[in-house]
Amino acid sequence: MTLRTDPVTINFGPHHPSTHGVFQMRITADGEVITNLEPVMGYLHRGCEKLSEGRTYTQLVPLTDRLDYLSPMSNNVACVLAAEKLGEIPVPERAQYIRVIMAELQRLANHGAMTGFLLNDLGTFFTLFHYTMREREKILDLFEMTCGTRVTVSYMRPGGVLQDLPEEFMPRLRALLDELPQRLDEYEALITENEIVLARTKGVGVMPREMALAAGCSGPMLRGSGVKWDIRKNDPYGIYDRFQFDIPVGTNGDVYDRYWVRIQEMRQSVRILEQAYRDIPQGDVRTRLPLFFRLPTGEAYARIEAPKGELGFYLVSDGGIAPYRLHVRSPSFINLGVLRDLTVGYTVADAVITLGSVDIVLGEVDR
Amino acid sequence: MSVWDYIVNLIPNLAHNLRAAVAGGPDWLVFLVMGLAGVLALVAFVMLQVPPLTWVERRLVARAQVRMGPNRVGPFGLLQPIADALKLMTKEVIVPSSADGLLHLLGCALIFIPPFMIFAVVPFSMGGVFTDLNMGLVYVIAVGSLGAVIIFTAGFASANRYSMLGAARAVAQLLSYEVPATIALVTVALAAGTLSLSGIVMAQTVPYILYFPLALIIFFIGSLVEVNRSPADLAEAESEIIAGYHTEYGGFKWAVFQLAEYTHMVAASALIATVFLGGWKGPGLPPYLWLYAKMLAVILLYMWIRFTLPRIRVDQVMAFAWKFLLPLSLINVLVVGLEVALAPGLPVWLIGINIPFAAASIVVWAKVYRALEGPPRLMQRRELPGITVPLSAETPAGSVR
């Protein structure tokens with residue numbers, strides 16, 4: 001006798017503990033095995049791109065804080081890079097170093113948060129999450145010290161940064177840099193060789209190299225699948241060509257590799273920060289620009305290696321004080337495009353950790 | 001009889017006094033009074049320790065996670081459980097319109113019964129047991145598995161898809177952990193020569209944790225799954241299926257499920273303490289305190305595991321139980337059976353054999369298991385023809401850097 005069974009449709013989200021915001025996965029499952037998955041987005045659409053058309057180039061920066069709210073510093077850098085590229089605005093040396101420091105601190109904070117969230121999705125009841133949040137707090141303290149806010153930093157300006165680092169910044173950064181390698185060892189002790197983590201994440205959500213390339217994935221998603229591609233190395237912006245660091249790549253392209261790549265990237269970020277700490281010069285931090293400066297007519301695309309992948313700002317100017325059109329190439333959104341192919345055939349529990357390993361922020365997906 | 005002797009044998013003495021007080025009455029009255037008093041005492045014992053346990057767990061998890069934990073209500077936040085209970089009692093209870101109302105109510109009403117039934121046969125001291133069943137071990141296994149049935153009832157009656165997934169997982173867990181855990185208990189019965197829990201305690205001149213560490217490990221893993229604690233809290237996996245079988249229970253009904261989870265944990269710890277840790281035996285302190293101390297040790301272990309380990313998947317629970325634990329427990333029964341037959345009376349030197357044997361058998365069997373199963377960690381993705389459209393394997397020109 002065979003039992004007749006029907007596939008069941010489950011709405012994962014927009015209110016669900018593991019959708020990382022207001023994201024909805026419409027899962028069709030045969031028992032626990034997923035037969036189809038339909039991502040539903042747009043719950044957090046705020047029209048950032050359209051809003052930016054009524055703002056000056058300096059006023060764009062606060063908008064970008066709200067895109068990927070786990071890494072606002074990186075968003076700021078990408079945004080002002082586009083304006084600087086179009087207007088050929090020079091950036092002082094010290095400001096370049098400050099940008100690198102901020103972007104790498106932000107990468108540490110973001111990857112830490114992602115690792116903590118991933119372990120939550122795996123069901124560790126927030127233990128690792130609280131450890132990574134402890135380090136993130138220290139990084140946010142540094143941000144607060146520098147620009148007064150912790151999350152909505154708005155620190156970068158076309159032509160440099162808002163203001164110079166306060167005096168106590170460098171000693172605090174030094175203390176953090178001394179502490180971080182031990183902390184990373186601590187995280188790894190808890191997860192990297194954990195038998196249950198290995199059993200849950202190895203071979204789950206496998207993305208072959210070809211699929212990653214064809215889908216336009218970037219960042220740790222792409223590197224987890226074994227493609228050695230990092231914009232900091234392959235298309236350096238700012239002063240990244242001066243720093244020594246490696247690009248960690250995974251082999252299987254599964255959830256575990258994506259986690260592993262991120263932990264290794266955190267170690268490389270510490271390396272970059274050490275070099276920046278050593279080499280940072282004194283001097284001016286901002287090229288003075290008029291309050292309502294105009295960019296020449298034309299278009300520019302600036303991209304950076306944001307923590308989540310290639311973050312690009314495509315800026316079109318008609319010669320006015322505000323952009324004619326701004327498009328954000330958000331890594332979260334494009335990395336999410338493969339979600340269905342990564343999850344179909346796996347179980348519901350696997351879909352949750354696969355989504356966690358993509359590392360999305362809905363502010364950036366929906367913009 | 002001194003006061004100390006009275007305190008040491010508190011439970012039989014109290015029972016004796018009560019029986020003396022109603023001795024003149026008809027038989028049914030004596031039976032009724034004694035039974036009700038016992039039930040009340042057991043329920044009070046279990047229920048009164050659950051709120052402090054929630055506080056202990058929250059403080060401990062806070063400590064593990066470098067944060068403070070509840071510290072606002074009362075000294076050290078000790079009154080937090082009361083505040084929580086008051087808040088939950090005043091909340092509106094919502095039953096989904098599509099739910100089966102009666103079963104929905106029964107789900108949270110019946111969930112308490114299995115753990116209390118286990119306590120009926122747990123001895124708190126010499127003679128301090130509600131009913132000394134001569135087949136107590138069989139009874140404990142039988143009522144212990146009732147929990148999954150009730151969880152299934154609750155999940156099924158909720159008419160919610162998350163609940164249904166949780167309910168199905170609970171049944172899958174029941175099917176997997178029961179067999180190895182039961183076979184692990186068989187070794188104890190073989191050695192003690194009795195199925196009565198009082199008899200097993202009496203037989204333990206040395207706690208069985210030393211004689212049968214392998215059986216303890218297998219049974220402990222089984223009990224983790226049975227009481228729905230991490231890493232096997234699949235039926236209520238928060239990050240996957242919201243709250244699993246009790247997604248649709250709010251307010252005080254939710255509190256009932258939380259209480260039941262702790263009650264299950266207390267019952268399982270009492271069982272482990274009785275069967276493997278020597279029960280109420282111990283020097284100095286009154287016996288019931290000894291039992292309670294051992295139970296607390298097991299409960300703290302449950303909590304510690306919960307803070308540390310991620311959750312396993314439901315197919316992994318089943319595969320682990322059937323393919324790994326079951327053969328291991330069978331080997332264990334075989335070896336213990338030989339030991340009991342060849343060296344009757346369990347001489348102490350068996351400890352020197354059994355502890356290395358436990359370690360060796362786990363390591364060797366794990367290696368053999370790995371070899372038999374092939375690459376262990378790569379999951380076989382289920383192919384679903386006609387549903388997925390694989391992305392083109394061809395790389396677009398110019399995209400390879």
Side-chain angles (χ1 to χ4, degrees), chain A residues 8-11 16-18 28-33 35-36 119-127 129-131 134 190-191 194 196-204 206 208-211 213-216 227-229 234 252 254 256 338 340-341 344-353 356, chain B residues 57 61-62 64-67 160-162 164-165 168-169 172 229-234 236-243 303 305-316 319-320 366 375-384 386-396 398-401:
Chain A
V8 60
T9 305
I10 311 170
N11 281 312
H16 188 281
S18 301
T28 310
D30 175 12
E32 290 250 353
V33 179
T35 55
N36 196 10
L119 266 282
N120 273 5
D121 294 345
L122 279 166
T124 35
F125 194 66
F126 292 96
T127 301
F129 173 78
H130 280 286
Y131 293 168
R134 174 183 58 193
L190 200 56
I191 22 186
N194 185 322
I196 297 180
V197 171
L198 291 174
R200 280 296 305 276
T201 56
K202 282 259 183 188
V204 170
V206 178
R209 183 192 152 93
E210 290 74 25
M211 191 202 277
L213 288 170
V227 184
K228 203 163 186 169
W229 170 250
N234 298 58
N252 298 323
D254 50 18
Y256 181 81
V338 287
R340 179 173 172 276
D341 294 81
V344 169
Y346 296 107
T347 63
V348 172
D350 295 330
V352 169
I353 58 168
Chain B
E57 169 149 36
V61 73
Q65 297 177 349
V66 288
R67 57 189 176 88
N160 178 309
R161 285 162 190 180
Y162 294 115
M164 199 57 220
L165 274 182
R169 286 176 174 195
R229 294 287 291 186
S230 177
D233 54 343
L234 298 161
E236 46 184 303
E238 179 217 66
S239 61
E240 292 154 21
I241 47 174
I242 318 271
M303 290 179 178
I305 287 174
R306 182 181 178 216
F307 317 149
T308 313
L309 291 181
R311 186 183 302 117
I312 42 182
R313 220 170 36 217
V314 64
D315 55 312
Q316 287 168 342
F320 182 69
R377 289 160 189 162
L378 286 184
M379 192 191 123
Q380 288 296 311
R381 184 176 184 172
R382 189 155 131 196
E383 293 300 328
L384 298 157
I387 296 170
T388 52
V389 185
L391 274 172
S392 160
E394 285 175 24
T395 308
S399 69
V400 181
R401 324 278 180 175

Exercise for review: Applying side chain to side chain contact (heavy atoms under 4.5 Å, CB included), run through A:Ile10 and B:Leu165 and close with a yes or a no.
Suggested key: CA-CA 10 Å; A:Ile10 311 170; B:Leu165 274 182; 3.7 Å; yes

Point to revise | Contacting moiety of A:Arg134, where chain B heavy atoms sit under 4.5 Å | key: side chain

Check your understanding: Checking A:Phe126 against chain B: side chain, backbone, both or neither under 4.5 Å from a heavy atom?
Key -> both

**Study point:** Residues that A:Thr127 engages under side chain to side chain donor-acceptor pair (under 3.5 Å), provided they are two or more places apart
**Key:** B:Gln65

Looking only at heavy atoms and a cut-off of under 4.5 Å, which of [options] has the most pairs with chain B?
options                      : result
A:Ile191, A:Thr9, A:Thr28    : A:Thr9
A:Asp121, A:Asn120, A:Asn11  : A:Asp121
A:Asn194, A:Ile353, A:Leu190 : A:Asn194

**Study point:** Portion of B:Arg161 that has a non-hydrogen atom of chain A nearer than 4.5 angstrom
**Key:** side chain

Closest contact, heavy atoms only, [X] versus [Y]:
X        : Y        : result
B:Arg169 : A:Ala349 : NH2-CB, 4.1 Å
A:Val197 : B:Pro310 : CG2-CG, 3.5 Å
B:Glu240 : A:His16  : O-NE2, 2.9 Å
A:Arg200 : B:Gln316 : CD-OE1, 3.5 Å

Exercise for review: Nearest 0.5 Å please: distance from the OG1 atom of A:Thr124 over to the CZ atom of B:Arg311.
Suggested key: 8.5 Å

Review point. Say you draw a straight line from CZ of A:Phe125 to CD of B:Glu57; how long is it, rounded to the nearest 0.5 Å?
Key: 6.5 Å

Review point. Chain A: which of B:Leu309, B:Thr308, B:Val66 shares the most heavy-atom pairs with it under 4.5 Å?
Key: B:Leu309

Check your understanding: In terms of heavy-atom pairs under 4.5 Å with chain A, which of B:Ile312, B:Val314, B:Leu234 leads?
Key -> B:Ile312

**Study point:** salt bridge (Lys or Arg N to Asp or Glu O under 4.0 Å) partners of B:Arg67, counting only residues at least two apart
**Key:** none

